[in-house]
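Reviewing the structure listed below.
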Amino acid sequence: MATAPADPAPPLKDAVIDAALAGLVAAALALPMLGFHLEDGTTSLTLSPHLPRVGLAALVVAGGRLGLTLARRGLAARRAGRPGRLARLGGRLSGTRLWVGWAMLLFAAVLPLLPFADRNLIDKATMVLIYVMLGWGLNVVVGLAGLLDLGFVAFYAVGAYSYALLAHYFGLSFWACLPLAGLLAAAFGLTLGFPVLRLRGDYLAIVTLGFGEIVRVVLVNWGDLTGGPNGLGGIPRPTLFGLRFAAYAPPGHHTFAQFFGLRFSPEHRIVFLYFLILILASVTNLVTLRLRRLPIGRAWEALREDEIACRSLGLNPTTVKLSAFATGAMCAGFAGSFFATRQGFISPESFTFMESAVILAIVVLGGMGSQIGVVLAALLLVGLPEWFRELQQYRMLAFGAALVLIMLWRPSGLLSGRAPTIRLGERT
Amino acid sequence: MLRVEGLHSGYGRIEALHGIDLDVAAGEIVALIGANGAGKTTLLGTLCGSPRATKGRVLLDGADITRLPTHRIARMGLAHCPEGRHIFPRMSVLENLQMGAAFGDPRHFAGDLERVLALFPRLGERLHQRGGTLSGGEQQMLAIGRALMSRPRLLLLDEPSLGLAPLVVRQIFELVARINRDEKMTVFLVEQNAFHALKLAHRAHVMVNGRITLSGSGADLLSNREIRAHYLEGGAA
Ligand SMILES: Nc1ncnc2c1ncn2[C@@H]1O[C@H](COP(=O)(O)OP(=O)(O)O)[C@@H](O)[C@H]1O
Ligand SMILES: [Mg+2]
């Protein structure tokens, strides 16, 4: 070998031992999960052992592990010195980011007009955009400020319930509630941020995880206010300057279809919701990009890089962290009230830890701090599983496999690296 | 300008400084030399409020700053270049410098930037390079430049020569001398590299185990036999 690969692969024997160990671990894990079959007898339930499945699981894991090690070694030998094609592609994408962003926005704007865009597709695209918006919000907290937040879904829930409750008890419209929901979520962000500021890294992650669960548990148990596990229904739909997206309008009101002399179609609302979230998400993007260029945004990044230096430069870490938390939470609050109005029904089930995990995965996979990376990751993690619903219970398995593969392929995210946030003229 | 009176400080129950008295007048370079673990870094930290002083006072132009939070002390004009440089590795050189001016008047930024880049032309050549990819000497220049961007009254330098090649060390010290001479910057310099520090300093103190044991002009200490024996053996590069 002329040049030694940077990351020397273990010899074959080590690879086999490593794979065998992985198989053993898998077997131990699979035993309680797959090893027994619950049989519904006539009088009682009986457990019958089902060991072949355990063996199969162990074999699959061991084989996968061995294959992975060998494949990596092959790659390492081939690469030796030159960056992979995919890495180069990623680099090029990052270089032309601005371009790609506008192209994506243009595509998103004309999507509903395209011939293949049916109701189903627009609905799914709406879902993806909600997650894009959530991802951009969390990106401020995790990607920029470097605060690992595992309870982000709590702010999403606060936004959704704020709208649902304000509409229910005070009859406020979506447009009146949207800013309120954002503010309430931001206030929750401050409330959470305050006691946990001293914590960092793992500790912060655990506390935020707990906070997310607390919010969910409160939603489940405060039945009088939130409807408990049954959730809240009949959440009013948004209107376009007072025009309703419904077949009939109450006296004194108009429907969208009447006003424009169209025949009523339920698709109008779907397309309207799509454009609404597209606008909300674009505004989120604009605002977060703008914030990044302002001193506060730069302070977030500086805080992630080095807290000691920040302090000695006169930055107050407390305010910087709080502002990041509140900004992220506000985005989630907006997204939450959109979610509520789109569904017309919300329940605590929509705000489980799984949601936080997916949003975080979007940010991490996207390459912490990259706005376009978030879009790609949201498409991948939310869009694809929606299309692959036929896989049913294997969906989560595919989801997990996709995460593992991406992290192997691009350990620092789809689009890693950050563009400088400022330039002063062209110095040479 | 800076006056330290009977300062005690430490970590938890371990006391690292046992009553430090010193003062720094405007326009001076004052050096503090001492072996590893003497408490030099602890002293600079305590001046900036972390760790907190347990006894004694720190006065900056007569104002008691002993109990202020670190970021407030920094805003009062005490710029601390911490040991190990602590630049922002993933931010560009320009962004690092901007962070130095984070709380200052934005109208001063362009002028200050020009001044700092005139002092450190190397940084000007690398404005858009990431801080973390600079060489050690360049990183030290960036750390000092960043501190200068905040228009400090007093510059605290903690071992700027740490881990640098002798030639680079000399460059850095020449720059410190220039900053003091041309910019009229008051400097409190902490060093293990006693030879260079003493040559540069108007006045100097020697610290041993959390106490100041010897004080004098830089030239006096440089010719002091005890100092030569303890701190300068073979170090006269
Ligand atoms: N974070 C810390 N926690 C506990 N003890 C510390 C800490 N930092 C330094 N010390 C102790 O304080 C004393 C002074 O250390 P320091 O100020 O770093 O010395 P110097 O900068 O002169 O090398 C040493 O005995 C060191 O072990
Ligand atoms: Mg030290």
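Just so we're on the same page: letters track the sequence lines, and every chain starts at 1.
Shown here are the ring-ring contact (aromatic ring centres under 6.0 Å, His included) partners of B:Phe173, two or more places apart in sequence or in another chain: B:His196. Among residues two or more places apart in sequence or in another chain, the side-chain hydrogen bond (donor to acceptor under 3.5 Å, both in side chains) test is passed with B:Thr46 by B:Ser9.
B:Arg146 and A:Ala309 make their closest contact through NH2-CB, 3.7 Å (heavy atoms, listed as atom of the first residue, atom of the second, distance). In this structure, A:Arg298 and B:Glu95 approach most closely via the heavy-atom pair CD-CG, 3.9 Å.
Within 6.0 Å of the CZ atom in B:Arg75, the count of heavy atoms belonging to other residues, nucleotides or ligands exceeds 12. Atom OH of A:Tyr131 has more than 12 heavy atoms from other residues, nucleotides or ligands within 6.0 Å. Within 6.0 Å of the CD atom in B:Glu183, the count of heavy atoms belonging to other residues, nucleotides or ligands exceeds 12.
Contact annotation for residues 56-72 of chain B against chain A (heavy-atom separation below 4.5 Å, listed by residue number): B:Thr70, B:His71. Of all residues in residues 80-89 of chain B, those placing a non-hydrogen atom less than 4.5 angstrom from a non-hydrogen atom of chain A are B:His80, B:Pro82, B:His86, B:Ile87, B:Phe88, B:Pro89.
Taking OG of A:Ser312 as the reference point, atom CG of B:Leu156 lies at 9.5 Å (rounded to 0.5 Å).
Both the backbone and the side chain of A:Leu315 come within contact range of chain B, each with at least one heavy atom under 4.5 Å from a heavy atom of that chain.
Of the possible donor and acceptor atoms, one in the side chain of A:Glu305 sits under 3.5 Å from a partner among the backbone N and O of B:Arg90.
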